[in-house]
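Reading through the structure tokens given below for one structure.
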Protein chains: 2
Amino acid sequence: MSLRYAILGYLSTAPGTGYDLSRQFDAGLGWFWSANHSQIYPELRRMTEAGLIDREPIKVTANLDKFTYSITPKGRDELRRWAASKPTYAPNRDSERLQLIFSDEAPENLRAHFEAHIAYFAFRRNQLAATLADMLGHKHPRVNLRLDRRRPDDAAVTLKLRELAYSGDIARAELEIEWAQRGLEWLDAKPAGVPTTQAWPPHEDHLDE
Amino acid sequence: MSLRYAILGYLSTAPGTGYDLSRQFDAGLGWFWSANHSQIYPELRRMTEAGLIDREPIKVTANLDKFTYSITPKGRDELRRWAASKPTYAPNRDSERLQLIFSDEAPENLRAHFEAHIAYFAFRRNQLAATLADMLGHKHPRVNLRLDRRRPDDAAVTLKLRELAYSGDIARAELEIEWAQRGLEWLDAKPAGVPTTQAWPPHEDHLDE
DNA sequence: GTCGGCATGTAAGCGGTTACATGATTGG
DNA sequence: CCAATCATGTAACCGCTTACATGCCGAC
């Protein structure tokens, strides 16, 4: 249940609304964790009930209320406890690789597969690189806020950790692009051979195995 | 719902039991998709009802029945249709990176974090490399079975796709190891400075923001 | 006035995890 | 005989997705 900690982490910089969180999960934070608003609002309620965050209504106009959430001491303790705990790794579920392995059953679309892979990771790489450049150039308002609230030594740690996280994911995206390009090069080099129009093995093979 | 296709893919080589699948998800297949037996058995029932696979009881002894499942023509068509479809990418959820980003709140355990990361990916790399070596050396029984049932040209495709998938994940594991080592080097180079025993910012900061 | 973005919520359903449950076989 | 492994299932719960639902605000 990392959603709770993603929220605590976000609010550990400064208070924010549910909508702020929802947008963050579509942008910056979303590279590492994502969630829909339908998941966020109930979780904010539970976290408020658990005393991890405080909810405060703010009158925007006569007819419109918003709610800001701020982290409580208990919430910050919980965030620190989690941050210091050993990382866990979810069981691998990579539908793209799975698909590739069994694409010997339908090799005619391999080119499109690799091209889609490149497009996906090129987009990711560009987004991550742009955000990282913003952070390092002190043009990222929320990261700036976090840095300003820390002693210089600690601020350097904050920035370095972001740099590590982002550059790690950028390197991973670049690796995936190069990997898919190797796939394309193999397709280019591979002699077309007899076009595999006939399904193989033939359907009858499923009998009496 | 890739579980269904992981099962179809496995059975597209040769028939197998629910228990076989369960073990595969803990081993080879498990590097790309995983599932518990409590998920597998109900899914096998649904797939049988949908006509994608056939269930056949096999008398092991007087008191023990097992069931083998084999892919049907309809199942193979469905597998091919899926294999030829565009790859999809699940929203990113990487609790390790999320944890790292907010570890400026609890930097005392960063060394353990990077070390755990290295241990995890070193294990993955070794397992993947061993399996890949088996496959390329034609020492992997089930992959051999798959290769034998294909025409030489197609068998080369089967093997190449496995090689791509495994080598891609091996490279990724090595990247993660190098990345974590850069983290450790940074920790080593970083002057210990004033030990950050005092929590910062102090708890009072959550008021009137 | 209507359209897109701001803003907050609920409900149904699905996929995955954890736990419960049972029994046979094999090897030490 | 006992433990580990083989083998198959069900039930409760949880987290996430998709869809439903409502209403305000500012810009054109």
Side-chain angles (χ1 to χ4, degrees), chain A residues 1-8 10-11 15-27 29-30 32-50 53 55-69 82 88-95 98, chain B residues 1-8 10-11 15-27 29-30 32-50 53 55-69 82 88-95 98:
Chain A
M1 208 208 346
S2 293
L3 171 60
R4 174 161 295 194
Y5 301 106
I7 292 175
L8 284 175
Y10 180 79
L11 296 178
T17 69
Y19 191 74
D20 289 338
L21 276 159
S22 173
R23 272 182 314 173
Q24 269 303 302
F25 281 124
D26 293 336
L29 251 190
F32 306 107
W33 201 265
S34 76
N36 303 318
H37 77 273
S38 61
Q39 208 185 349
I40 293 168
Y41 290 113
E43 181 64 18
L44 285 170
R45 187 180 49 72
R46 284 189 292 266
M47 290 168 73
T48 306
E49 284 163 9
I53 54 177
R55 174 188 166 112
E56 211 175 327
I58 47 171
K59 267 266 176 295
V60 179
T61 66
N63 297 319
L64 180 62
D65 270 324
K66 304 202 304 183
F67 304 94
T68 40
Y69 296 90
W82 170 75
T88 59
Y89 297 87
N92 229 42
R93 287 207 178 80
D94 187 338
S95 68
L98 186 71
Chain B
M1 210 209 340
S2 294
L3 171 61
R4 172 161 296 194
Y5 300 106
I7 293 175
L8 284 175
Y10 180 79
L11 296 179
T17 69
Y19 191 74
D20 288 339
L21 276 157
S22 173
R23 271 182 315 172
Q24 268 303 303
F25 281 124
D26 292 338
L29 250 191
F32 305 107
W33 201 265
S34 75
N36 304 318
H37 78 272
S38 61
Q39 208 186 349
I40 292 168
Y41 291 112
E43 181 64 18
L44 285 171
R45 186 180 50 70
R46 284 189 291 266
M47 290 168 72
T48 306
E49 284 163 9
I53 55 178
R55 173 189 167 113
E56 211 175 329
I58 46 171
K59 267 265 174 296
V60 180
T61 66
N63 297 318
L64 181 62
D65 271 325
K66 304 203 303 184
F67 304 94
T68 40
Y69 295 89
W82 170 75
T88 58
Y89 298 87
N92 230 43
R93 288 205 177 82
D94 186 337
S95 68
L98 186 71

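Reminder, nothing fancy here: chain letters follow the sequence lines and each chain counts from 1.
- A search for ring-ring contact (aromatic ring centres under 6.0 Å, His included) contacts involving B:Phe32 returns B:Tyr166, not counting sequence neighbours.
- Within the 3.5 Å criterion, the main-chain N or O of B:Gly18 finds no donor-acceptor partner in the side chain of B:Ser22.
- Separating the CD1 atom of B:Ile40 from the C1' atom of C:dG16 is a distance of 12 Å, rounded to the nearest angstrom.
- Side-chain atoms of A:Pro91 lie closest to C:dT17 of the nucleotides C:dT8, C:dG16, C:dT17.
- Taking the C1' atoms of five terminal pairs at each end of the helix from C:dG1-D:dC28 to C:dG28-D:dC1, the two resulting helix axes are inclined by 20°, rounded to 10°.
- The side chain of A:His37 lies closest to C:dG9, out of C:dG9, D:dT10, D:dT8.
- Between B:Glu43 and the choices B:Ile53, B:Leu3, B:Leu21, the side chain to side chain contact (heavy atoms under 4.5 Å, CB included) rule is met once, by B:Leu3.
- Rounded to whole Å, the distance from OH on A:Tyr69 to C1' on C:dT8 is 9 Å.
- From B:Phe25, atom CZ reaches atom OH of B:Tyr10 across 9.5 Å, with rounding to the nearest 0.5 Å.
- Between the side chain of A:Ser2 and the main chain of A:Tyr5, no donor-acceptor pair closer than 3.5 Å is present.
- Of the side-chain N and O atoms in A:Tyr19, none sit less than 4.0 angstrom from OP1 or OP2 of C:dT8.
- A distance of 10.0 Å separates CE of A:Met47 from OH of A:Tyr69, quoted to the nearest 0.5 Å.
- Separating the CD atom of B:Glu56 from the P atom of D:dT8 is a distance of 14 Å, rounded to the nearest angstrom.
- Dashed line: the shortest gap from a side-chain N or O of B:Asn36 to OP1 or OP2 of C:dT17 is under 4.0 Å.
- Along DNA chain D, the nucleotide closest to A:Ser38 and the one closest to B:Gln39 are compared, and the more 5′ of them pairs with B:Gln39.
- One can place NZ of B:Lys66 at 11 Å from C1' of C:dT25, the figure rounded to the nearest angstrom.
- In this structure, A:Leu44 atom CG and C:dT8 atom P are separated by 9 Å, rounded to whole Å.
- When every heavy atom of B:Ser95 is checked against every heavy atom of A:Thr88, the shortest pair comes out as OG-O, 3.4 Å.
- The interatomic distance linking B:Ile58 (CD1) with C:dA24 (P) rounds to 17 Å, in whole Å.
- Counting only heavy atoms from C-beta on, B:Pro42 has its side chain closest to D:dT10 among D:dT8, C:dA7, D:dT10.
- Residue contacts for B:Arg46: at a heavy-atom cut-off of 4.0 Å it reaches no nucleic acid atom on any strand shown.
- Using a 4.0 Å heavy-atom criterion, one finds that B:Arg45 contacts no nucleic acid atom at all.
- For B:Arg93 and D:dT17, the shortest distance from a side-chain N or O to OP1 or OP2 is below 4.0 Å.
- The side chain of B:Arg23 contributes no N or O atom lying less than 4.0 Å from OP1 or OP2 of D:dT8.
- Judged as a salt bridge (Lys or Arg N to Asp or Glu O under 4.0 Å), and not counting sequence neighbours, A:Asp94 has no contacts.
- The nearest whole Å value for the distance from the OH atom in A:Tyr41 to the C1' atom in D:dT17 is 17 Å.
- Computed from coordinates, the B:Tyr89 OH to D:dT17 P distance equals 18 Å when rounded to whole Å.
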